[in-house]
Amino acid sequence: MSSSDLLLSLSQKALHLLQEDADKIEKLIEVQMENLTTRKCPLYEEVLDTQMYGLSREIDFAIRAELISDQVGKQILVKLERNLAELYEALNMKK
């Protein structure tokens with residue numbers, strides 16, 4: 001296996017792992033959106049915020065290690081941030 005093949009393999013694995021973590025956060029957001037009838041839960045918001053921060057650090061590391069591009073990392077975060085903003089907007093409208 002050449003070094004370029006190895007780098008490509010590592011990049012694909014890094015992207016796959018980051019997407020798995022993003023999907024877990026997406027699922028947390030979906031569950032909360034489905035349960036808007038329940039009252040706002042600060043603990044749940046803290047978990048989401050912590051998960052988002054952790055993922056942003058993982059993405060930053062992958063970018064710095066040149067395993068993914070800056071653009072790919074930003075795309076992952078922007079999608080989740082948009083969904084999170086929709087959740088918070090829906091929770092605020094529920095008040």
Separation of Lys27 NZ from Ile29 CD1 (nearest 0.5 Å): 12.0 Å
Only pairs under 3.5 Å count here: list side-chain donor-acceptor contacts from residues 4-18, not counting sequence neighbours, and write none if there are none.
residue	atom	partner	partner atom	Å
Ser4	OG	Ser2	OG	3.2
Asp5	OD2	Ser2	OG	3.3
Ser11	OG	Leu7	O	3.0
Ser11	OG	Leu67	O	3.0
His16	NE2	Glu20	OE2	2.9

In one Ile/Leu/Val/Met/Phe/Trp/Tyr side-chain cluster, 4.5 Å: Ile59, Val78: no
N-O pairing of Arg64 and Asp60 below 4.0 Å: yes
Separation of Leu84 CG from Leu77 CG (nearest 0.5 Å): 11.0 Å
Pairs flagged by side-chain hydrogen bond (donor to acceptor under 3.5 Å, both in side chains) wherever residues 71-82 is involved - sequence neighbours left out: Asp70-Lys74
Qualifying side-chain hydrogen bond (donor to acceptor under 3.5 Å, both in side chains) pairs with a residue from residues 47-56, counting only residues at least two apart or across chains: Asp49-Tyr88
Which atom of Gly73 lies closest to which atom of Ile63, heavy atoms considered: CA-CD1, 4.3 Å
Gap between atom CG of Leu55 and atom CG of Leu80 - 0.5 Å precision: 6.5 Å
Listed partners of Glu26 passing side-chain hydrogen bond (donor to acceptor under 3.5 Å, both in side chains), at least two apart: Asn83
